[in-house]
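Right, one structure below, let's go through it.
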There are 2 protein chains.
Amino acid sequence: MPPRGRPRKFDRDQALQQALQIFWEKGFEAAQVGDLTAAMGINPPSFYAAFKSKEALFHEAFDLYLSTIGARSITALDATPDVRAAIHAMLAASADNALGAPRAAGCLAALGLVNSPHDHVLRQRMASERRAMIQRIHIRLEKGRSEGQLPPDADTSGLAVFYASVVLALSLQAQDGADRPELMATIQGAMHALN
Amino acid sequence: MPPRGRPRKFDRDQALQQALQIFWEKGFEAAQVGDLTAAMGINPPSFYAAFKSKEALFHEAFDLYLSTIGARSITALDATPDVRAAIHAMLAASADNALGAPRAAGCLAALGLVNSPHDHVLRQRMASERRAMIQRIHIRLEKGRSEGQLPPDADTSGLAVFYASVVLALSLQAQDGADRPELMATIQGAMHALN
DNA sequence: GCCTTTCTATAATTCTTGCTACATAAATGC
DNA sequence: GCATTTATGTAGCAAGAATTATAGAAAGGC
């Protein structure tokens, strides 16, 4: 049966996607509620009734980002059999995401709230996501080593930190308007660490 | 002869240095005028009389940053004879700057105003500084190649983009609380691109 | 000594921005 | 039909932040 009161005139999921675009393009702070409601096609009261607050909306939008856009590089990392190819595929997916972002915004997880206070909840969530990325890369490298694709004495944890940093750098470059060849040059340079 | 009216009770240069610390630690937007005046030990009217506006003050503080802190990596880059050692010295200087920054803020030029609108004057100045860094690295690599320290077919412009991106990544990592060993691992990984 | 000039201190003022009150509309359940 | 529930739209509130008005203080010039 349908819910009790007057039904929504807008689609919540679609509005969330619009909100993600705005957050991604402008960042959390620069995206103001007026921008969001305009893109979502709703008014402030509907906004707050459906999403609680700007911060809560960002959490939801970020969930959506991770499960769709962000998941691509993780999939590339885990689903590619050869470890070098896997790292390359992850970096290529990151570059694609950065280039496909609205107004060259780079990765939302990489750059989100970078200039906010350290104790900001959302900032800490971004940082925690970045740490998780280091972990994922480390695990993948360890798997590659155990399969004999890397030398036994490879510094996998150092390499994990390095490749995570390259993902961040790709986003920063994209924000500065770098094009695909420039990002590819960065990836190519980074791949030498595995030779 | 001394200037006409009542003399300042504070030292302008010293106040500027304090302001730089605050901007560096918190970023342009998060550093509010109250934080700045508190650190500078002055009141808002003195602040505005001496520095025009928060934005003008940031310009001055950034000048100071470039000519002191930022200059260290450029000096390291230019003053080291061997090109590989020069790149390594530049990265090490960047890591030092990032680690020495107040509250692990990373490089001011690398991360400043990253989440601000693209048309913000200060943001564009940061971006322009980052582009200049790519240029400097490129020139240094070209010099090294002409001196026979790099293979004749080395992709110096691609490598320049890559190493500039590593500088950015070091700052982002430092903001997330990375310690020296982690930054050194990133540098070590990056150095493989020159082998 | 007094005028002019420039700085200092307290206390607003103005502008932005996230958020909400209020009145109204559209659905369900009895 | 009427009460209940939930959504919409207009208009505005409240808090925060950059900036300034006003009065008074400290120097030089005559």
Side-chain angles (χ1 to χ4, degrees), chain A residues 1-16 18-20 22-23 25-62 112-113 115-123, chain B residues 1-16 18-20 22-23 25-62 112-113 115-123:
Chain A
M1 52 183 162
R4 283 278 310 215
R6 172 177 177 173
R8 276 206 187 89
K9 199 186 277 184
F10 65 97
D11 181 51
R12 194 180 186 282
D13 292 337
Q14 200 171 329
L16 181 60
Q18 296 303 318
L20 171 56
I22 301 296
F23 277 136
E25 172 181 338
K26 308 197 172 190
F28 175 71
E29 6 252 337
Q32 43 200 71
V33 175
D35 297 329
L36 293 164
T37 54
M40 298 160 105
I42 62 181
N43 289 311
S46 303
F47 177 93
Y48 286 97
F51 299 102
K52 287 274 183 195
S53 69
K54 181 181 165 184
E55 182 164 333
L57 172 62
F58 187 89
H59 272 295
E60 271 197 67
F62 190 58
L113 292 104
N115 290 318
S116 297
H118 278 63
D119 59 0
H120 195 302
V121 175
L122 288 175
R123 187 200 161 108
Chain B
M1 51 182 161
R4 283 278 310 214
R6 172 178 178 174
R8 272 205 189 90
K9 198 186 281 184
F10 64 97
D11 180 51
R12 195 180 186 281
D13 292 338
Q14 201 170 329
L16 182 58
Q18 295 303 319
L20 171 56
I22 300 297
F23 276 136
E25 173 181 338
K26 308 195 172 194
F28 175 71
E29 6 252 338
Q32 43 198 74
V33 175
D35 299 329
L36 294 165
T37 55
M40 298 160 106
I42 62 180
N43 289 311
S46 303
F47 177 92
Y48 284 98
F51 299 102
K52 287 275 184 192
S53 70
K54 182 181 166 185
E55 181 163 335
L57 172 63
F58 187 89
H59 273 294
E60 271 197 67
F62 190 58
L113 292 105
N115 289 317
S116 298
H118 278 64
D119 58 0
H120 195 302
V121 175
L122 288 175
R123 187 202 161 107

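Below, chains carry the letters A, B, ... as their sequence lines are ordered, and counting in each starts from 1. Side chains included, hydrogens not; waters and symmetry mates left out as well; all remaining heavy atoms used. Values in this document were obtained by computation on a predicted structure and should not be read as measured data.
The distance between atom CZ of R8(B) and atom P of dC7(C), rounded to the nearest whole Å, is 5 Å. Atom C1' of nucleotide dT6(C) and atom CZ of F51(B) are separated by 16 Å, given to the nearest angstrom. Rounding to whole angstrom units, CG of residue L57(B) and P of dA18(D) are separated by 12 Å. Atom pair M40(B):CE and dC7(C):C1' shows a separation of 15 Å (rounding to whole Å applied). What separates CG of D11(B) from C1' of dT8(C) is a distance of 17 Å, to the nearest Å.
Heavy-atom minimum distance, A61(A) versus L20(A): O-CD1, 3.7 Å.
Of the possible donor and acceptor atoms, none in the side chain of S46(A) sits under 3.5 Å from a partner among the backbone N and O of I42(A). Under the 3.5 Å distance criterion, the side-chain polar atoms of K54(B) are matched with a main-chain donor or acceptor of A31(B).
Atom CD of Q14(B) has 12 or fewer neighbouring heavy atoms from other residues, nucleotides or ligands inside a 6.0 Å radius.
Considering only side-chain N and O atoms, S46(A) lies nowhere under 4.0 angstrom from the phosphate OP1 or OP2 of dA7(D). For dA9(C), the OP1/OP2 oxygens have a side-chain nitrogen or oxygen of N43(B) closer than 4.0 Å. Of the side-chain N and O atoms in K9(A), none sit less than 4.0 angstrom from OP1 or OP2 of dA27(C).
Looking at E60(B) and R12(B), a side-chain N of the basic residue comes within less than 4.0 Å of a carboxylate O on the acidic one, giving a salt bridge.
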I'd like to know whether F28(A) forms a side-chain contact (heavy atoms from CB on, under 4.5 Å) with R123(A), so could you lay out the CA-CA distance, the side-chain angles of the two residues, the decisive distance to 0.1 Å, and finally the verdict.
CA-CA 10 Å; F28(A) 175 71; R123(A) 187 200 161 108; over 6 Å; no
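Using a 4.0 Å heavy-atom criterion, one finds that F10(B) contacts the sugar-phosphate atoms exclusively.
Comparing I42(B) and G5(B) along DNA chain C, the residue whose closest nucleotide (by nearest heavy atom) sits nearer the 5' end is G5(B).
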What does the B/S/- profile of nucleotides 13-24 of chain C look like, 5' to 3', with a 4.0 Å heavy-atom cutoff to protein?
----SSBBB---
